[in-house]
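Scroll down for the structure; my scribbles are underneath it.
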2 protein chains.
Amino acid sequence: MEKDITIYDIARELDLSPTTISRALNDHPAVNKKTKQRISEAAAQMGYRSNLFASNLRRQRTNTIGLIVPRLDSPFHSSVIAGMEKVANEAGYNLIISQSLETLQKEIANANTMFNSRVDGLLVSLSFETETLEHFENFVSKGIPVIFYDRVAEHKECTSIVIDNLQAAYKATSHLIEQGCTNIVHITGNLKRNVYADRLKGFKYALIDHNLPFSEENVIISKMTEEAGTLAAQQILEMDPLPDGIFVSNDTCAVSCLKALKKANISIPRDIAVIGFNNDAISRVVEPNLTTINYPGQEMGEVALRVLLLQLNGSRDNVPSNTINLRSELIIRESSLKSKSNAKKKAVHL
Amino acid sequence: MEKDITIYDIARELDLSPTTISRALNDHPAVNKKTKQRISEAAAQMGYRSNLFASNLRRQRTNTIGLIVPRLDSPFHSSVIAGMEKVANEAGYNLIISQSLETLQKEIANANTMFNSRVDGLLVSLSFETETLEHFENFVSKGIPVIFYDRVAEHKECTSIVIDNLQAAYKATSHLIEQGCTNIVHITGNLKRNVYADRLKGFKYALIDHNLPFSEENVIISKMTEEAGTLAAQQILEMDPLPDGIFVSNDTCAVSCLKALKKANISIPRDIAVIGFNNDAISRVVEPNLTTINYPGQEMGEVALRVLLLQLNGSRDNVPSNTINLRSELIIRESSLKSKSNAKKKAVHL
DNA sequence: TTGTACGCGTTATCAT
DNA sequence: ATGATAACGCGTACAA
């Protein structure tokens with residue numbers, strides 16, 4: 001637990017000034033090559049490590065990016081984070097991560113921590129409860145870029161990164177209709193969140209465009225968890241007549257719903273066709289395999305971070321555009337194929 | 001983008017010294033209650049935020065904990081991290097996270113970044129490739145606590161948090177034997193890692209204790225990914241005779257293997273019984289449902305962080321013990337039940 | 001090409 | 001109960 005070596009120690013050792021040490025270690029051009037060499041050797045030999053805090057304090061930036069996510073233990077968010085970490089790491093940024101656990105209160109607390117930690121930029125996917133973006137105003141007014149991804153909200157100064165949820169839902173619903181479904185249930189999450197509101201819209205528009213009636217009773221709002229899927233299935237089993245198709249806003253919930261329906265001797269897709277959302281691993285395992293929307297989590301994470309880096313390094317108004325749409329696609333599997341003749345898998349690019 | 005408010009600004013405003021401001025904001029006992037009140041009001045009103053870097057620089061600690069994980073997009077690690085974040089957040093610590101992507105090179109780079117970021121403590125789950133712990137010596141010799149979890153290695157100064165992999169594997173294998181299996185294949189990962197080496201031992205000991213032969217040819221070493229499971233299945237299908245049981249070291253791999261076997265018209269569990277490891281969501285979805293070892297990810301994360309906090313706050317030698325074992329259990333589902341008479345689920349606590 | 005001197009914002013120490 | 005001062009380690013404007 002000996003004392004840390006500083007650039008002063010190296011300076012003294014080599015009979016140079018701390019300035020030169022600092023410059024050499026930062027590869028400043030105006031330092032003699034031989035001197036640089038000597039310095040970096042001495043630094044290594046003396047066990048020097050730079051003090052990021054002192055550096056941060058001096059330079060007023062942290063090389064740290066904050067991330068607030070609803071839950072860490074979700075396949076989608078895991079892959080997003082994996083993508084973010086990869087890009088951040090390559091660019092020499094640290095990622096500090098916290099979860100709101102879907103509550104506004106924790107989201108606010110986390111935002112404040114991030115603010116005090118003086119992150120250079122902030123990435124956010126909103127909680128279920130969030131209604132306003134007040135708790136991010138601190139950042140905005142200080143010129144700290146905030147980027148929303150997936151669960152986003154409109155803000156004049158902030159970029160959002162999403163997929164076209166409306167269109168994805170429209171395609172999924174249309175696919176069900178093409179398979180002969182006329183009475184479709186939609187299970188989705190809190191409508192405060194764009195992802196669920198947009199999917200509901202896509203669902204509704206698809207029905208309307210195909211001259212099918214839209215009824216509020218066919219929309220089930222749930223927490224989108226495994227348990228919620230089971231509950232939704234019970235609710236559906238009590239419907240009379242039974243629906244002939246279900247479009248669920250995530251795979252976790254879709255799969256547990258599908259399982260519960262099967263247990264009740266409903267044949268999938270013959271009696272009821274099912275479509276999920278996300279293309280989690282689970283969707284390729286359930287029987288029948290689940291038709292779903294492929295959702296590019298890792299890519300979304302990478303893009304979010306790249307855009308943030310652009311905003312950090314480039315000119316302040318280098319924002320590519322206010323909203324970035326990533327491509328998603330409908331992956332058709334057995335769970336929605338009523339007409340077995342179509343049974344070859346095909347991917348419809350949105 | 002106005003300038004930040006500092007304690008000097010508040011001091012000037014209230015005609016007090018910066019010292020008093022600092023004390024008040026840190027709730028130091030030796031400050032008048034009324035003064036405290038005035039100060040915190042002024043701080044709030046002026047939009048003050050503390051500068052953690054200056055504070056860190058001065059106090060020589062960061063309130064930040066580093067985490068190095070093989071992959072972020074794994075269900076197990078996600079739940080571990082969720083547990084860690086929860087405890088860290090409550091204790092006022094930030095978590096900075098990086099992934100080694102199973103390579104030694106990245107693990108070393110990440111460790112160095114963490115070291116330079118001056119984390120107060122480090123949590124590590126080792127990559128496949130890691131053989132020595134040299135890259136953590138920096139931390140140890142500076143008295144920065146390092147804790148290994150799940151994928152651990154022996155180090156005199158470091159605590160490890162694990163489950164009893166040997167015993168878990170022993171129970172799983174014994175269960176297969178009790179179901180009548182006599183020719184069991186074991187699919188596992190890189191034997192440099194304790195988790196895989198110990199599971200192999202447990203597998204081997206169970207065979208021996210039940211007077212069954214152990215053969216190297218029945219051990220498949222793989223990357224334990226989804227693809228690896230499919231490949232392993234192919235390899236198994238070429239065995240003659242076919243095995244009658246498979247014990248796989250994780251669920252992802254077990255499930256893809258199981259799926260490939262089913263596709264080849266192998267009946268599970270009748271022809272071949274299968275057991276996985278981890279109790280991922282996927283294990284409850286595959287048909288037949290997968291027998292597996294329940295692995296307390298979230299809890300492991302929480303425990304790891306609590307132990308670290310103890311070492312950070314408590315006396316330097318407050319280490320509860322060098323290795324902490326968490327309980328795991330065998331969860332018996334259909335994939336291993338050859339004798340349908342036993343078909344009620346039962347949990348065997350290890 | 002190298003050096004001097006100061007400031008970043010906080011907290012510890014010592015004094016009052 | 002409050003204040004003056006120095007120090008944490010680095011980067012940079014300015015000087016040489």
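Order of the sequence lines sets the chain letters (A, B, ...), proteins ahead of strands, with each chain counted from 1.
- Residues that satisfy the ring-ring contact (aromatic ring centres under 6.0 Å, His included) test with B/Phe53, not counting sequence neighbours, are absent from this structure.
- Evaluation of the salt bridge (charged side-chain N to carboxylate O under 4.0 Å, His left out) test over residues 35-48 of chain A, restricted to residues two or more places apart or in two chains, returns A/Asp27-A/Lys36.
- For B/Asp120, the salt bridge (charged side-chain N to carboxylate O under 4.0 Å, His left out) test picks out no residue, with sequence neighbours left out.
- Taking atom CD1 of B/Ile7 as the reference point, atom P of D/dG3 lies 12 Å away to the nearest angstrom.
- If you measure from atom CZ of A/Arg61 to atom C1' of C/dG9, you get 19 Å, rounded to the nearest angstrom.
- At C/dT4, none of the side-chain N or O atoms of A/Ser17 fall inside 4.0 Å of OP1 or OP2 (strictly under the cut-off).
- Distance CZ (A/Arg12) to P (D/dC10): 12 Å, rounded to an integer number of Å.
- Not counting sequence neighbours, B/Asp15 has no partner by the salt bridge (charged side-chain N to carboxylate O under 4.0 Å, His left out) test.
- With sequence neighbours left out, the salt bridge (charged side-chain N to carboxylate O under 4.0 Å, His left out) criterion links B/Arg23 to no other residue.
- With rounding to whole Å, A/Leu57 atom CG is found 17 Å from D/dA7 atom P.
- Taking 4.0 angstrom as the limit, B/Gln60 places a side-chain polar atom (N or O) nearer than this to OP1 or OP2 of D/dG9.
- Summary of the strand contacts: B/Thr20 and B/Arg118 both lie near DNA chain D, and taking for each the nucleotide with the nearest heavy atom, the more 5' one is attributed to B/Thr20.
- B/Arg61 pairs by the salt bridge (charged side-chain N to carboxylate O under 4.0 Å, His left out) definition with nothing, not counting sequence neighbours.
- When the C1' atoms of four end pairs are superposed on the next four at each end of the helix from C/dT1-D/dA16 to C/dT16-D/dA1, using five pairs per end, the two resulting axes differ in direction by 30°, to 10°.
- Among the atoms of the strands shown, none is found under 4.0 Å from any heavy atom of B/Asn56.
- Ion pair B/Lys192/B/Glu129 not flagged as a salt bridge, since none of the NZ, NE, NH1 or NH2 atoms sits closer than 4.0 Å to an Asp/Glu carboxylate oxygen.
- Of the residues near DNA chain C, A/Asp15 and A/Tyr8, the one whose nearest nucleotide (by heavy atom distance) lies more toward the 5' end is A/Asp15.
- Annotation: of the two residues near DNA chain D, A/Asn26 and B/His28, the 5′-most nearest-nucleotide partner is B/His28.
- Contacts between residues 30-55 of chain A and DNA chain D, defined by a heavy-atom separation under 4.0 Å, are made by A/Tyr48, A/Ser50, A/Asn51, A/Ala54, A/Ser55.
- Partners of A/Phe115 under the ring-ring contact (aromatic ring centres under 6.0 Å, His included) rule, at least two apart in sequence or in another chain, are A/Phe139.
- In terms of heavy-atom proximity, B/Ile144 sits nearest to B/Val119 at CG2-O, 3.8 Å.
- Scanning for ring-ring contact (aromatic ring centres under 6.0 Å, His included) contacts around B/Phe148 gives B/Phe136, with sequence neighbours left out.
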Expected rows: protein N/O vs nucleotides 12-16 of chain D N/O, under 3.5 Å:
residue : atom : partner : partner atom : Å
D/dT12  : O4   : A/Thr19 : OG1          : 3.2

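- Residue pairs that meet the salt bridge (charged side-chain N to carboxylate O under 4.0 Å, His left out) test with at least one member in residues 82-102 of chain A, sequence neighbours left out, are A/Lys86-A/Glu302, A/Glu102-A/Arg151.
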